[in-house]
Amino acid sequence: MAASLLVAGQRMQQERTSRAVEIIVEWAEMRDMAALAGMNDSEALAALKNAGVIGIAVDEMTVAEYRSGGRIIPTERPALSLPAGPFAFALVSDEPLLEAIAARIPARLKSPASAKGGVVFYTRSGKTAVMPGLSLLEVNDISLGLPAEEIAAVRGTGLDVVARLRNDNGLTSGAIRQEMAGLKSARIYHVIFSGDQVLGYRKLLKEAASALAANNITFVSIEFGKQKGTEGLERSLQGFFVRLHSITRPEMAAITPPEAVERFSRAVKERNIRICYLRLFQMADENIVRMNLNYIARLRDALIKSGYEMNIAAPAPNRDPSSLLHLLAGIGVVAGALLLLTALASISNTWLGVLSGAGVLMAIAASLMPGSLGLRALALLAALSFPILALVRYPTHRAEAEGCQKPFWSIALSHYLMISATSLLGALLIVGLLSRQEFMMKVSQFSGIKLAHALPLLFLALLYIVDGFPYGETWREQKRRVWDNLQKLWERPVLIGQVAFFLAATVILLFIVMRTGNDAGVGVSPLELKFRAILDRVLIVRPRTKEFLFGHPVLIAGLALAALGRRRWGTPLVVLAAIGQMSMINTFCHIHTPLAISAIRTANGLLWGGLIGLFLSALIGRFAVRQEEAVAAGEPAAEARSG
């Protein structure tokens, strides 16, 4: 635990020091805004800078785009000394553009060495660039680099230039190195890839990563962008990149500026986003320019208020914990699993020693295993074992036994706090195992999230049904008792109410599991989204619904029922309440979320879920008193007291 606390402290320190966030707007959208307002480029860029924009995204231009702009014009054969052949000709407006053509097209399209004819680009001064074996149609989609005039305009207002590059089909490793070296010489240090592929996809991702690193250029990964090759490039960069969030053009048509500000703010605070790629609102409104500038300024102010600084985004430095700290955290997980085993069965000291030694060896192997597979396996073991351990250590029969000594609500609350503390020990160990750059940048993720939600719940349900807790018996006596309980359960008549409860519990479990993970099978309704937004505004960090509105209140209610002597009703509630405990652990499995945010989210869930649970307990206690009074008065009771 001490090792995990040390890792958590180091991680929080790193998250506090990495606070630079960059707001970016596209060059093309800046031009549209300037046209609406009657501004020139410099005036529009200055207005955006004053509102809070840090960088401007500039796209490469293709041969086709230069042709449509009139800077490359197909012509008849000019008066030039060229060999005979079926040449096509194109007049180029200036020599820098001709130089870009001569350098970039051969690096992206291989022409036959023995080809006769091709395409000739030339300037009025007689300079030529001959592309043998190619046609104008073949070179149309070739990128010719970032427009120099746009770069100069952005630099003139003190803004950061962010390159948007394409992945040409014929790209070579030499062309990639050339591209990155050119960006470095132009003092451009951020790259966003346009289209549906990153640079180097499919076979040159390692070369692209090497060229980026060698030239100190930061790759910008688009959240939810699903560009082909992103995961491979991120792995090759070992987590040294920054993440970007944007709102798509179709979404912009249906969102308001306050909603967009809230969405970007949440992405920065909760998902380690460091670049906000803003698309401007486009409406036929004379105040649209002012509206966009106010939108940018509101986002800037919201981020500054949350403790971030508006500056050029940079990857966080690598401060991965040592293997020794991972090993110690892994031993903690093994110890928790052994505690669970001893809580479930009577084990001799000899066997306990053997299992402890095997567990330590397993932790050593997992911590030394290349990659993150071993650490993820240990994290999954923690996520599976600690919520079970928490509820096994404080079962309902224990609350029932204490019911005659203390107020029932006090018993329920104390057990609720101890159960939650035990679960959070597992969460802390997961933090100690997975707080590495690759997890914080979401290159690797916790594995088995749906299993970690379903398996503990099913195991606890079976455990409570067969009353599998040890009562100071030998292992043989415990097995005989559990087997007898299973036989009695098999022979017991099934009541309609029990079937209904089982079906309801199954539906709830399936719904929870489907809603869990990165690829949830069930979407979020608009009403729930509005409810979440309200919680975010009121509580700063929204607690998870399945914790504070379901798991935690149901846990306290179940423990209260047990303390009142109604364990038959309390036990199923406590089993269902395991959902809240598993959800708490799952919160800390999202390593890309800042640790402070996860802690506040969990604390909010425990506080408000506990208050709701105490309110339910008060209602339960009042109902129990009335029922006892009715029994004392000789009236029919709704339910007899059961142990």
Side-chain angles (χ1 to χ4, degrees), residues 1 4 326-345 347 352 355-356 358-363 365-367 369 372-395 418-435 439 444-466 468-469 505 508-510 512-518 544 546-547 551 555 574-591 598 602:
M1 292 301 171
S4 293
H326 289 320
L327 170 60
L328 293 174
I331 292 174
V333 173
V334 171
L338 289 174
L339 280 174
L340 173 59
L341 192 59
T342 57
L344 292 173
I347 301 176
L352 187 60
L355 291 174
S356 298
V360 170
L361 291 176
M362 182 185 74
S367 63
M369 189 179 295
S372 61
L373 181 61
L375 298 178
R376 283 184 286 153
L378 286 171
L380 179 59
L381 178 61
L384 291 171
S385 58
F386 273 85
I388 300 175
L389 175 63
L391 290 162
V392 164
R393 286 177 65 86
Y394 296 92
M418 294 304 296
I419 287 169
S420 299
T422 304
S423 295
L424 288 175
L425 289 178
L428 178 61
L429 289 170
I430 291 173
V431 169
L433 288 167
L434 302 186
S435 291
F439 289 96
S444 296
Q445 299 182 66
F446 175 84
S447 301
I449 196 66
K450 295 186 186 296
L451 183 66
H453 272 72
L455 194 58
L457 191 60
L458 294 173
F459 182 83
L460 284 166
L462 179 62
L463 190 66
Y464 277 113
I465 288 170
V466 301
F469 300 101
I508 291 172
L509 175 60
L510 288 174
I512 293 291
V513 170
M514 290 174 69
R515 284 282 301 270
T516 300
N518 298 307
R544 290 191 161 188
K546 56 191 169 186
E547 292 174 28
L555 176 59
V574 170
V575 171
L576 281 177
I579 290 169
Q581 301 301 305
M582 294 179 294
S583 177
M584 282 198 307
I585 293 178
N586 177 43
T587 294
F588 290 90
C589 294
H590 294 272
I591 304 297
S598 296
T602 301

Can you name the nearest heavy-atom pair linking [X] to [Y], along with the distance?
X	Y	value
Leu457	Leu576	CD1-CA, 4.1 Å
Glu547	Met584	OE2-N, 3.4 Å
Ala366	Leu378	CB-CD1, 3.5 Å
Leu433	Ala379	CD1-N, 3.7 Å
Gly426	Ala382	O-CB, 4.2 Å
His326	Gly432	ND1-O, 3.2 Å

Nearest-0.5 Å distance, [atom1] of residue [X] to [atom2] of residue [Y]:
X	Y	atom1	atom2	result
Ser447	Leu375	OG	CG	11.0 Å
Ser367	Leu328	OG	CG	9.0 Å
Leu381	Leu429	CG	CG	10.0 Å
Ser444	Ile591	OG	CD1	11.0 Å
Leu428	Met1	CG	CE	6.0 Å
Arg376	Cys589	CZ	SG	12.5 Å

Residues which pass side-chain contact (heavy atoms from CB on, under 4.5 Å) with [X], listed by chain and number, not counting sequence neighbours:
X	answer
Ile419	Ala390, Leu391, Tyr394, Leu555, Leu559, Gln581
Leu361	none
Leu380	Leu384, Phe446, Leu451, Ala452

Using only atom types and a distance under 3.5 Å, with no angle test, would you say the side chain of Ser583 pairs donor to acceptor with the backbone of Ile579? no
Applying the side-chain contact (heavy atoms from CB on, under 4.5 Å) criterion to Leu355, which one of Leu341, Val360, Val334 satisfies it? Leu341
Are the side chains of [Y] and [X] in contact, using a 4.5 Å heavy-atom criterion?
X	Y	result
Leu344	Leu463	yes
Pro456	Ile388	yes
Ile430	Phe386	no

